[in-house]
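Below: one structure, written as structure tokens.
Whatever order the structure lists them in is the order used to number ligands and atoms, beginning at 1. Below, all heavy atoms of this structure are taken into account, side chains as well, without hydrogens, waters or symmetry copies.
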Amino acid sequence: MPIALITGITGQDGSYLAEQLLAKGYTVHGMIRRASNFNTQRIEHLFNDPEIYNQRLFLHHGDLTDSSNLNRLLEKIGPNEIYNLAAQSHVKVSFEVPEYTAEVDGLGTLRFLDSIKEVGLEKRARFYQASTSELFGLVQEVPQTEKTPFYPRSPYGVAKLYGYWIVVNYRESYGLHASNGILFNHESPRRGETFVTRKITRAAGRIREGMQEHVALGNLGAQRDWGYAPEYTEMMWRMLQQEQPGDYVCATQETHTVREFCEHSFAAVDMPLTFEGEGENEVGRDEKGIVRVKVNPNYYRPAEVELLIGNPEKARRELGWQPKVTFAELVQIMAKADWDLAKKEKLLAA
Ligand code: NAP
Ligand code: GDD
């Protein structure tokens, strides 16, 4: 059976992809970072399964900033498929740690591709790069396709731009089976809690249970094309099953504001909101008039990506990939999971 190596296996996407590959019969190797505390919560269920862990799932310490570590891992594992999902993935944080973000998200991709060449895996290993709709940034076309010019708006976007082009360059220069998935935002109950969707559904659950008064957000008018993460990791696998490598947009072709995400989330916990005011003075009130959503300019970004909406026609045509979970269903899934979580937390605290 094929052998896969996943970097970023402890992240949202890595955890879903690992489950899916194991279900397909793969042997899965995951790179994890040393942390001062456990960072494997999202794959704990796999880790605790004696039929899986150290049988078909193996974890290795590593870091995308360490070339010799990458060489050793590739030599030892000899993967057929490599999914490079590891990244400093937070756009706002990238303004605070721009150099580190470039090291990991930009040069880290180069290190990996060069290691593949260095250890002679060019013919054997297929490579997936976690590229992003953040490449489109200040969008030059609506909706965005594989042909839309890039205009990144953050150190994260610029670092990922390098990652994108170095993948194309190694494919064209050395014949590597290397592909870019240009994925638009995708979410789930496993999403990190500092990304806006999860921040909202976590707050909605906790506010509904009386554990929190309100949530403070930044730009409520930003528009995103939000999909359901497990469907996007399935698309990653499909890309590597193609005879020829390529670059694909992965999106729902629907866009919604952060404000709409709030409205759906709070409605899902039976607390419908009404928004009033503008800019920093905008608030979302519940039916009793209590402010539940506020704006705090600290969450604004030095440069913002205002609108993203992708056209996944190429993926539909060539990979047979089509997202099924709608925006309303996605919010329901996340809000319900986080309401349940808040109820459990409340019980534990009692
Ligand atoms: P995530 O939840 O933030 O996970 C990122 C993963 O990368 C974590 O496992 C993290 O380890 C690991 N990591 C960070 N820095 C590393 C380093 N220096 N060396 C090795 N591992 C490192 O991100 P995600 O949402 O699953 O996204 C997966 C990938 O897709 C990322 O590259 C992201 O930029 C890209 N992407 C995401 C989206 C989206 O909407 N989710 C859209 C487009 C592209 P720890 O657990 O130890 O922190
Ligand atoms: N995080 C956050 N927190 N974002 C907020 C907040 C807040 O309190 N309030 C408003 N926003 C706005 C941001 O300004 C942005 O316009 C939008 O909500 C989405 O922010 P995030 O959820 O942080 O995601 P992102 O779009 O910046 O980046 C995510 O998607 C990219 C794909 O387009 C990340 O997953 C990236 O790794 C990924 O490449």
Would you say [X] and ligand 1 have an N/O pair spaced under 3.5 Å apart?
| X | answer |
| --- | --- |
| Val104 | no |
| Lys160 | yes |
| Gly11 | yes |
| Met31 | no |
| Arg191 | yes |
| Thr132 | no |
| Thr65 | no |
| Asn39 | yes |
| His186 | yes |

Task: Close aromatic pair by centroid cut-off 6.0 Å: Phe150 and Tyr164 - done: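 Between Phe150 and Tyr164, the centre distance is under 6.0 Å.
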Open item on the list: If you take the centroid of each ring, where Trp contributes its six-membered ring, are Trp226 and Phe195 closer together than 6.0 Å?
Closed with: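 No, the ring centres sit 6.0 Å or more apart.
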Contact check, [X] vs ligand 1, heavy-atom distance below 4.0 Å:
| X | answer |
| --- | --- |
| Trp226 | no |
| Thr7 | no |
| Tyr156 | yes |
| Ser133 | no |

Open item on the list: Taking 4.0 angstrom as the limit and counting only heavy atoms of Asn185, give me the atoms of ligand 1 inside it, by number and element.
Closed with: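 In order of numbering, the contacting atoms are 40 (O).
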Open item on the list: Donor-acceptor pair, distance only, cut-off 3.5 Å: does the side chain of Glu318 make one with the backbone of Ala315?
Closed with: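 No; zero donor-acceptor contacts below 3.5 Å.
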- [ ] Can you figure out which of Val295, Val91, Val196, Asn185 has its heavy atom closest to atom 24 (O) of ligand 2?
- [x]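 Ranked by closest heavy atom to atom 24 (O) of ligand 2, first place is Asn185.
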Open item on the list: Residue-level breakdown please: for Tyr232 versus ligand 1, do any non-hydrogen atoms fall below 4.0 Å on the side chain, on the backbone, on both, or on neither?
Closed with: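 Neither; nothing of Tyr232 gets under 4.0 Å from ligand 1.
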Task: Short N or O distance, Thr132 and ligand 2, threshold 3.5 Å exclusive - done: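 Yes; the residue has a nitrogen or oxygen that sits under 3.5 Å from a nitrogen or oxygen of the ligand.
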Open item on the list: On the six-membered ring of Tyr228, is Lys324 placed so that its NZ or CZ lies under 6.0 angstrom from the centre and within 45° of the ring axis?
Closed with: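 The answer is no; the distance or angle limit is not met.
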Task: Salt bridge Glu141-Lys147, side-chain N to carboxylate O under 4.0 Å - done: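 Salt bridge between Glu141 and Lys147, a charged N being under 4.0 Å from a carboxylate O: no.
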Open item on the list: Check this for me: Tyr151, atom OH, are more than 12 non-hydrogen atoms of other residues, nucleotides or ligands nearer than 6.0 Å?
Closed with: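 Atom OH in Tyr151 is not crowded, with 12 or fewer foreign heavy atoms closer than 6.0 Å.
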- [ ] For the pair His60 and His29, name the ring-plane relationship: parallel under 30°, tilted 30 to 60°, perpendicular over 60°.
- [x]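 Parallel, since the angle between the ring planes stays under 30°.
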